[in-house]
Every structure is written in structure tokens, then in C-alpha cells.
Amino acid sequence: MAKKKNEAPLTGITVSKEEDFSAWYTELITKAELADIRYNIKGFVVYREWATITIKKMYAKYEELLEKNGHLPLIMPSLIPESNFLLESEHVEGFAPEVFWVTEAGSSGKLNEKLALRPTSETALYKMYALWIRSYKDLPFKRYLSCQVWRYEGKMTRPFFRGREFHWIEAHDVFSTMEGAEEQVKEDMEVTYKMIQDEFGIPIIFFERPQWDKFSGAQKTFAADALMGSGKVLQLPSTHLLGQNFAKPFNVKFVDKDGEEKYGYQTCYGPAISRIYGAMIAHLGDGKGLILPFDIAPVQIVIIPILFKNKEQIVLEKANEIFDELKEKFIVKIDDSDKSMGSKFYYWELKGVPIRIEVGPKDVEKNQVVVVKRHDGQKFFVEENDLKEFIENIATNYTKEIKEKSVVDFESQIEVAYEKDAAIEAINNGKIVCCGFCSIDRASEHWAEVVENDMGGLVRCKRVDEEKNEFATCLICGKPAGCTVYIAKSY
RNA sequence: GGGAGGGUGGUCUAGCUUGGUAUGAUUCCUGGUUUGGGACCAGGUGGCCGGGGGUUCAAAUCCCCCCUCUCCCA
């Protein structure tokens, strides 16, 4: 960050999001008091009150929908014995480099068996699943946990986006057939659209990841990429078809109708709420600070009394009246601190409170108030008698409005490329490239490395919502194309 | 994984080259005057100068190690 010298710190944001995203994001985090990065372990940050309230609400929404879809909650230990962890070899290989290990305890010193701080909970849960699942009548078996996980990230960390500890939900489901598992993957994707796009206002597209980029131990991985504008994408939730890859080593078996013992078919789904929060504030925020969806804002309405000498009393009385009228349905706050009016405006805009109500002496005289919407700055003079209905109306539409504004026209960001040079140019122009590619099997991994090195983009791979294959040859190796893929820069 | 730059009251910082009482602003607290888009006056609180070691009569400053943050590139 380019530090400003000798400048009194204002509460507001001083750099534009478009000109310097990193500096903007850092200022937002600090000044809106979302995270405190002064906790002295690399990659670990403190989530402050304002962020925590919203994150808890996001969890609640997600959990409600998962439970509606038949999931039950669990709380699992955060330590996993090494012997569990080693059972599925591909999984171990993928996660081993990132695991925090607990090797010592108390004054007695070294532990007999080292314990992993869970980087994800498959190897903790499936041991238990093997004990709990007995019959086809137990299936489908759908459980989820809301927890934190630890991964020793080598990449640059950034609050909420990427840390060595993050907060997520993981759902782990078992089915008697492969078809059941495949249906679950589709349900996971629907849930993702509903939450991320409709509730949190972030536009996404699902891709089937290539074999070399899938979840370690999965048969297939489907991952949502958030479209962050300017062609860059950010991976958000992914859902994984595990098939019987884990069921066999963990012995997740059931007795079927025909009396035979069979292995279950599994899926897992992992929305990282902390990262979704980061993506949300980054995507929706503006030069004034946060913009939040209505339901998950820590404060939904702030009432600001404008206090003139000798008229404080009538204004405060009116403000309290309005507060009482709205507090049943909404989270309302009166800011009657002795700061000046203007600095209160800036402060609550920074905090992303969706609705501001101003009450001044003039308003009291006219039996009206001033209502301002945070996300578009629209200002209304509202008759006192109409206020409740007016606010309810804003509340209903607020999130829809910010979603519509934030939906990126995906098609306009795509550029079809038949030549590598054209593709490189398109990537450099901030486009997502659509092109032919040899295949998504491991054999093609080195061609993806070529893409990364020569083009600066990553193969996000096959789009889930289309099945086209219109390219004759692979853009990179020139052999017949096996599929149509998308290539984009990534955060 | 590679590179660059930082860490001094809560925050932003001056001082470091050339070692010698820690600089200013802001926040916060007290009192007063104010208030339709970042108010003002007066007084006050607040520092193991990121941590450890070394050199020195003397270290924020010089040397070594560590921690941590930010940014850029793969």
C-alpha cells in the first residue's frame, strides 16, 4: 500500500476502488472496522463486531436452506489423528503440504500420534459415518458442520479472501446410488446460486474443474467462479462428487434391499463463508465504503436527529417516535452522539447501513422525514404517516436492487479465440477466453501449465450450464479439441 | 515460490544518513460554544520506538537473528 504521509486519517475511504483495488480493500477493512490484522500470527486475523454480525447472519441463512434440504447439523472435533488422515492416498497427497500438526501437549511432551488441525473434515467424519450407517433405510444421509479449518497457505493472505484459518460450512452426504450423489451435486449448485447470487449479490458461474485441479480424492469437482468484473474471477463454493473413493477406505457401507453389503456414494460441498463475505464486500462496496444486502446488515436503519439549539427536544422526541415505530420489524439505531451531522452521515455510509432517516426541525414542522438509500444515494421526503410502508417497501426491494446492479453481463466479458495470440490479447484486455482444449484429463495438465505461463490465465474449464463443443482443435497443442473451456485471470 | 518496501502513544507520522531529553497531527477524556454533508476553543490522558541479542559511557538511530504487515511478479 502506498502510504500517505502527514495526512490526518479520515474515517472515509481515500482511494478509488477502480484505481487501486488493493489499497481500497485494505482501507475498507481497517476503517469500517471489519478485521484487525494486528494479531501476530501470519494469516490469522481477528474478525471484528461489524463483520462478525453479518457473517453469523450469512451462516444462519445458509444453514436454514441446507436444513430445509434435509441436512442435519453436527459438531466435530477439530483434531484428526494422523492414522485417519492417511486412509485416502490422493486426499493425503493433496492436503499434506498445508496441514498444521499438533505434535506436543502439556508438560509430558511429544504425542504418540500426531494430530492434524482439520484442513477439511472428510477423514474425521467418514470414520463416524462407517459406524452410523447400517442400512439403505439410513440413506440418504445428509449432515453439515459450521466450523473453521486451517490450511498452511503459501500464497499471499488477505483478510477474508485467503487466510490460514477460515470459516465455512461443509456438507457431507451419502447415497445408495451414483445417481443420488449426482443429483446432490446439482442441488448444491442450486443452493449456491440461491445464496451467493440472490442473497449476497455476487454473480457466479459454475465450472467443472479439470482433473488436475479437482478436490483431492474426488471424482469430479464443480466450482463456482465469482465474476469480479474486469475479467478476473474468484473461486467461491465448490461441490465434489466423491463416488466411492472415500467410502472404500473408510468403510462407509450399507446393507441394501437385496441383503447385500454395498459401499455408499458420497458428495461434499464447502461454501467458505468468510471468503464469500470478502467477495461480497469487495464486489458491492464503493468509494464511500460498504454496501450490504438488507437482511444481513448489522444495522438496517439509522436515524440521525439534526439538533439545533433550543430545538433538540422536539427533534429527539420525533426520532424516538420513529424508532419505536420501526424497531419491531427492523434493526434500528438512533445516532444521538454529539458528533456533527456530516460526520455521522459519512460514518454510517462507511458502515453500509442500508437506510438513513434524517429528522430535523424543518421536518418536524412539516410532519415529514428525509429517507436516503445507501446503495444508490436516492433521497426521499416522506410523509410521516406513510413512513412505515415506505420503509417496508425499500426493505423488500433493496437486495434485489443491488443484485441487479452488480450482475455482470457474463457474455460481454467472453471472447472466443481460435488463435493463441488472440487469446493472449483478450486476456490482457481483461476478457475471459472461450476456446477449444484437448481434454480435462490429467494428460493435458502440462498444456494448462503452458496456458498459465504464456497467457497469465488459468483454465477454469468446462462451463456447467452448457454442453457445446464447437472447436475443431485445441488452442494450445493443435490436436483435435476434446472440449470447450474458459480461461481467466484469477484472484 | 521469487522480489521490493514497511513496523515509533488507539491511528497517521517526524527523527535514523552523522548515536546524546521522543516530533506533529488526529483519536480518546473534561468543560464550553456549535450542528440540513467531514465544526471550533481551552485543558488532559496515552510510548519497553515489533521482539531478542550484540557494539557503546550512551541505541528509535549502527550490526546480527527472529516475528509480522503491505505491495508486485510466477
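To find a chain, count down the sequence lines: A is the first, B the second, and so on, and within it residues start at 1.
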For this session: Name the nucleic acid region contacted by Gly377(A), choosing base, sugar-phosphate or nothing; use a 4.0 angstrom heavy-atom cut-off, strictly under.
Result: nothing
Problem set entry | Spacing of Lys155(A) atom NZ relative to G2(B) atom C1', expressed in whole Å | 15 Å
Exercise. Parallel under 30°, tilted from 30 to 60°, perpendicular over 60°: which one fits the rings of Tyr491(A) and Phe21(A)?
Worked result: tilted
Compile the donor-acceptor pairs under 3.5 Å between side chains in residues 303-317 of chain A and protein atoms, sequence neighbours left out, one pair per line.
unit_1    : atom_1 : unit_2    : atom_2 : d
Glu312(A) : OE1    : Asn310(A) : N      : 3.0

For this session: Any side chain to side chain donor-acceptor pair (under 3.5 Å) involving residues 42-53 of chain A? Give me the pairs, sequence neighbours left out, ordered by first then second residue.
Result: none
Seminar exercise, completed: Here the distance between atom P of U70(B) and atom CH2 of Trp24(A), to the nearest Å, is 16 Å
Exercise. Are Thr123(A) and Glu88(A) linked by a side-chain donor-acceptor pair shorter than 3.5 Å?
Worked result: no
For this session: Please state how far atom NZ in Lys318(A) lies from atom C1' in G36(B), giving the value in whole angstrom units.
Result: 18 Å
Seminar exercise, completed: For Thr239(A), the side-chain hydrogen bond (donor to acceptor under 3.5 Å, both in side chains) test, sequence neighbours excluded, returns Asp188(A)
For this session: Flag the pair Lys351(A) and Glu33(A) as a salt bridge only when some basic side-chain nitrogen lies within less than 4.0 angstrom of an acidic carboxylate oxygen.
Result: yes
Exercise. Touch check for Glu349(A), heavy atoms < 4.0 angstrom, all strands: base, sugar-phosphate only, or nothing?
Worked result: base
Seminar exercise, completed: For G5(B), the nucleotide meeting Watson-Crick or G-U wobble distances (both under 3.5 Å) is C69(B)
Exercise. How would you list all residue pairs meeting side chain to side chain donor-acceptor pair (under 3.5 Å) that involve residues 286-300 of chain A, not counting sequence neighbours?
Worked result: Lys61(A)-Asp295(A), Asp286(A)-Arg374(A)
Exercise. Which nucleotide in the list C69(B), G36(B), C71(B) gets nearest to the side chain of Lys42(A)?
Worked result: C69(B)
Exercise. Of all residues at least two apart in sequence or in a different chain, which pass the ring-ring contact (aromatic ring centres under 6.0 Å, His included) check with Trp101(A)?
Worked result: Phe85(A)
Exercise. Taking the same atom, P, in C16(B) and in C63(B), what whole-Å distance lies between them?
Worked result: 14 Å
Exercise. With sequence neighbours excluded, what pairs up with Asp376(A) under the salt bridge (Lys or Arg N to Asp or Glu O under 4.0 Å) test?
Worked result: Lys373(A)
Problem set entry | Euclidean distance for P, G2(B) against C66(B) (whole angstrom) | 14 Å
Kindly give the atom pairs (protein nitrogen or oxygen, nucleotide nitrogen or oxygen) under 3.5 Å for nucleotides 42-47 of chain B.
none

Exercise. Does Thr157(A) or Glu452(A) map to a spot on RNA chain B nearer the 5' end, using the closest nucleotide for each?
Worked result: Thr157(A)
Exercise. Mind checking who A42(B) pairs with, Watson-Crick or G-U wobble, both distances under 3.5 Å?
Worked result: U30(B)
Problem set entry | Distance-only donor-acceptor test, Arg38(A) side-chain atoms vs G7(B) base atoms, 3.5 Å | no
For this session: Begin from the C-alpha positions of Phe222(A) and Phe206(A) and carry the test ring-ring contact (aromatic ring centres under 6.0 Å, His included) through to its verdict.
Result: CA-CA 7 Å; Phe222(A) 302 87; Phe206(A) 260 99; 7.7 Å; no
Exercise. RNA chain B: Val372(A) or Val45(A), which has the more 5' nearest nucleotide?
Worked result: Val372(A)
Exercise. Mind checking the C1' distance from G15(B) to A60(B)? Whole angstroms is fine.
Worked result: 8 Å
For this session: In whole angstrom, give the distance that lies between atom CD1 of Ile29(A) and atom C1' of C69(B).
Result: 14 Å
For this session: With sequence neighbours excluded, tell me which residues meet salt bridge (Lys or Arg N to Asp or Glu O under 4.0 Å) with Lys318(A).
Result: Glu321(A), Glu384(A)
Seminar exercise, completed: From the candidates U68(B), A74(B), U70(B), the one with an atom nearest any side-chain atom of Asn453(A) is A74(B)
Exercise. Considering residues, nucleotides and ligands other than Lys405(A), do more than 12 of their heavy atoms fall under 6.0 Å from its NZ?
Worked result: yes
Seminar exercise, completed: Contact check, residues 358-368 of chain A vs RNA chain B, heavy-atom distance under 4.0 Å, returns Glu358(A), Gly360(A), Pro361(A), Lys362(A), Asp363(A)
For this session: Please state the C1' separation for the pair A59(B) and G54(B) - nearest whole angstrom.
Result: 11 Å
Exercise. Between Arg164(A) (CZ) and C67(B) (C1'), how many Å, whole number?
Worked result: 12 Å
Seminar exercise, completed: Counting primed atoms, P, OP1 and OP2 as sugar-phosphate and everything else as base, the B/S/- map of nucleotides 29-35 of chain B against protein heavy atoms under 4.0 Å is ----SSB
For this session: Using the P atom as the reference point in each nucleotide, state the distance between G24(B) and A42(B) in Å, no decimals.
Result: 16 Å
Problem set entry | Nearest-angstrom distance, C1' atom, U26(B) to A14(B) | 15 Å
Exercise. Excluding sequence neighbours, so at least two apart, what forms salt bridge (Lys or Arg N to Asp or Glu O under 4.0 Å) with Glu358(A)?
Worked result: Arg356(A)
Seminar exercise, completed: Per atom distances to the Lys288(A) side chain, the nearest of G37(B), U68(B), C71(B) is G37(B)
Exercise. Rounded to whole angstroms, how far apart are CD1 on Ile37(A) and P on U11(B)?
Worked result: 11 Å
Seminar exercise, completed: Partner of A74(B) under the Watson-Crick or G-U wobble criteria, both distances under 3.5 Å, comes out as none
For this session: Send over the distance from Met156(A) CE to C72(B) C1', rounded to a whole Å.
Result: 9 Å
Exercise. Within the structure shown, what part of the strands sits under 4.0 Å from Arg158(A) by heavy-atom distance: base, sugar-phosphate, or nothing?
Worked result: sugar-phosphate
For this session: For Asp36(A) and C69(B), give me the distance from atom CG to atom P, rounded to whole Å.
Result: 12 Å
Exercise. With Tyr269(A), which residues qualify under side-chain hydrogen bond (donor to acceptor under 3.5 Å, both in side chains), at least two apart?
Worked result: Tyr62(A), Thr192(A)
For this session: Determine the interatomic distance between P on A4(B) and the same-named atom on C64(B); round to the nearest Å.
Result: 15 Å
Problem set entry | Between G20(B) and A58(B) - P atom distance, rounded Å | 14 Å
